[in-house]
Amino acid sequence: MNKILALLVMFVVTVTACGQDKKLDQLLSEVDKAIEQSPQYVAAYEERIAEARKRLAAASDDSLRFAACYELYDLYKPFVNDSSIYFIKQCITQARKNGKRSDEMRCRALLAWRCSSTGMYEEALNILDSISTDGLDKAALGEYAHAYNNVYNEMAYYTKMPDMKKTYAQKADYYQNMMYETLPADDPRIMLRREMTLLDAGRTTESMRVNDEWLKMVEPGTHPYAMVALYRYLEFMARKDEQQMMYWMVESVLADIRNGVMDQGSLWELANQLIARGDVEHANEYISYTSNCAIRFGSRQRNWQIAPLMTRIAHDYKEKIDHRTKQLWVLLGILSLLSLMLLGLLLFLHRRNKQLAEARNGLRDANSQLSASNAQLSTLNTQLSALNTQLSSLNSQLSEANHIKEEYIGRFLSLCSQYIDKLDNYRKMVNRKMKNKELDELFRITKSTELKEKEIEELYQNFDSVFLHLFPNFVTDFNALLHPDMQVHPKDENKLTTDIRIFALIRLGIDDSSKIAEFLHYSVNTIYNYRARIKNGAVGNREAFEREVKELGSVK
């Protein structure tokens with residue numbers, strides 16, 4: 001029982017794993033298709049930028065110019081970092097010109113954020129240190145706190161010095177608290193910090209609840225949706241749910257590609273996951289694509305992240321090449337061995353041809369002796385004719401045996417197919433009940449012998465059906481060998497009794513009592529008793545009864 005359960009569990013695990021691999025292949029196929037169509041997505045995004053540039057050129061006053069520059073900053077933010085920095089600087093100049101100090105400082109904070117997100121930490125800190133927070137509105141203070149929080153989080157993540165990591169983390173926490181005080185609770189930056197704080201603390205149920213709220217706030221397929229999907233990937237990674245984890249990672253990747261995003265963090269992480277799974281080909285394709293995107297975007301930080309991954313891919317490729325080289329050497333060795341064997345075979349055939357030539361000479365000498373032997377053969381022909389008569393009888397018996405074999409093999413194959421279907425249905429029933437935790441019902445079913453008895457009865461029915469099809473007059477001929485009081489008459493003309501079934505097996509050539517007992521599920525003694533009782537009722541010689549049974553009827 002335990003072994004069966006273990007096998008079922010292994011089967012379910014294998015099927016599940018195969019299903020997961022197939023789903024991942026489908027997801028990667030979507031990514032491949034999106035990368036192939038990437039030029040169209042990028043062209044569409046550039047079209048949006050061109051329209052925004054037209055609006056900037058047509059701006060008639062300073063406030064419109066500020067709005068147009070800010071729109072271009074926002075559009076370039078995931079596309080080309082240098083252009084994004086350029087337009088946020090234009091926003092700073094325009095806000096200073098308009099006398100809007102809070103807007104100017106907010107844009108300075110955004111500029112610092114752009115610097116820190118691309119690895120320019122010193123520049124970011126210099127910009128932020130130059131900002132005076134006196135008299136700033138909450139939007140500017142929130143952006144200021146967010147920029148400081150980002151730069152210190154980045155520095156804490158990348159530093160290799162534990163004491164500095166602790167210092168940076170404390171400063172990041174300080175500015176995170178300032179963000180909570182100044183930014184609205186439904187601001188995406190607040191949602192992100194809340195979620196990551198809970199996730200880092202291992203409070204995954206609460207962090208997922210925050211992500212669920214955040215997911216409702218974004219439109220599917222947009223760049224903000226890609227961000228939420230990326231953090232949802234981290235949620236399922238913490239839960240070790242690989243299927244959901246890879247689904248949301250691919251959702252993030254597809255949203256980024258279809259929106260023409262050049263800062264491809266999601267695709268970089270997907271390549272990282274694929275390398276861990278041994279899919280070097282896909283990983284290389286994706287990292288090459290994201291590397292080209294990073295070059296266009298102009299991010300030092302992303303290039304730092306990509307470089308170790310490309311090194312790892314190169315190492316994996318080298319290992320594959322080394323492995324294939326070893327395989328080629330092995331194949332070369334096998335080919336050399338086969339060549340030596342072929343050479344040996346040719347030498348052997350040459351020697352054999354010489355022997356055959358010598359044999360031909362011997363045959364010529366033997367022909368003269370054969371002439372003398374022909375006289376003896378004529379006498380043997382007479383004997384052979386008698387043997388031919390016996391062979392004819394044996395051939396008819398063989399033909400009958402072949403027909404019986406064909407009938408029973410056909411039925412046996414049909415039964416095998418039926419038993420496979422039954423076994424599969426039984427497996428599905430067991431799997432369903434295990435899934436529904438109906439273990440008591442499963443125990444009751446497997447404990448009962450009803451299934452075995454039913455299958456044995458079906459086996460006997462199949463045997464009887466085929467046998468009566470082959471020997472339709474067997475019962476009548478069999479009873480003719482017995483005294484009237486010992487004759488056996490089945491109640492059902494399509495079903496044999498145990499007595500007749502025993503002698504039906506003997507008619508088929510199975511006369512070993514142990515084999516008959518094994519087939520009919522009786523003891524050997526019981527089979528002996530049945531045979532003895534029937535033979536005692538024979539009309540003729542008791543000892544010749546079974547031989548006469550074997551000669552009954554002919555195959556129809």
Side-chain angles (χ1 to χ4, degrees), residues 3 6-7 10-11 13-15 17-22 24-25 28-29 32 271 274-288 309-381 383-384 387-388 390-392 394-395 397-399 401-410 412-417 419-420 423 509:
K3 289 182 179 178
L7 287 171
M10 287 175 65
F11 176 79
V13 169
T14 302
V15 170
C18 290
Q20 288 179 352
D21 288 343
K22 188 175 181 181
L24 180 58
D25 289 341
L28 296 182
S29 176
D32 294 340
L274 292 176
I275 286 177
R277 285 167 168 76
D279 190 350
V280 181
E281 283 75 13
H282 266 117
N284 184 55
E285 179 185 344
Y286 296 164
I287 207 65
S288 296
L309 200 56
M310 295 189 77
T311 302
R312 186 175 172 187
I313 289 172
H315 177 264
D316 288 350
Y317 265 121
K318 184 178 181 301
E319 283 190 343
K320 278 195 171 184
I321 290 169
D322 290 344
H323 179 66
R324 287 173 182 170
T325 302
K326 288 179 182 177
Q327 287 180 326
L328 285 173
W329 277 111
V330 170
L331 289 173
L332 184 61
I334 293 171
L335 187 61
S336 300
L337 182 62
L338 289 173
S339 299
L340 289 173
M341 291 173 66
L342 181 60
L343 181 61
L345 181 62
L346 290 172
L347 292 172
F348 172 78
L349 290 174
H350 177 70
R351 183 180 176 186
R352 182 63 68 186
N353 284 334
K354 287 179 68 177
Q355 292 175 344
L356 285 173
E358 293 173 357
R360 288 192 195 97
N361 295 329
L363 283 173
R364 279 195 295 270
D365 296 335
N367 283 334
S368 59
Q369 297 176 6
L370 285 174
S371 300
S373 299
N374 284 335
Q376 297 176 359
L377 284 173
S378 62
T379 56
L380 291 172
N381 284 334
Q383 298 173 2
L384 283 173
L387 289 172
N388 283 334
Q390 294 178 6
L391 282 172
S392 177
L394 288 171
N395 282 333
Q397 293 176 17
L398 282 171
S399 177
N402 283 335
H403 188 62
I404 292 170
K405 178 183 70 176
E406 289 170 3
E407 282 288 331
Y408 275 97
I409 285 175
F412 170 77
L413 292 175
S414 174
L415 284 174
C416 283
S417 177
Y419 282 137
I420 289 170
L423 187 59

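Numbers here are sequence positions counted from 1.
Here the closest heavy-atom approach between residue Tyr286 and residue Asp32 is recorded as OH-OD1, 2.7 Å. Contact record, Ala283 with Ala271: CB-O, 3.6 Å, taken as the closest heavy-atom pair.
No side-chain heavy atom of Lys354 sits under 4.5 Å from any side-chain heavy atom of Arg351.
For Arg352, the side-chain hydrogen bond (donor to acceptor under 3.5 Å, both in side chains) partners at least two apart in sequence or on another chain are Gln355.
Here the options are Asn284, Leu24, Leu274, the test is side-chain contact (heavy atoms from CB on, under 4.5 Å), and the partner is Asp279; only Leu274 passes.
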Can you give each donor-acceptor pair under 3.5 Å made by side-chain atoms of residues 331-350, sequence neighbours left out, with the distance rounded to 0.1 Å?
{"unit_1": "Ser336", "atom_1": "OG", "unit_2": "Leu332", "atom_2": "O", "d": "2.9"}
{"unit_1": "Ser339", "atom_1": "OG", "unit_2": "Leu335", "atom_2": "O", "d": "2.9"}

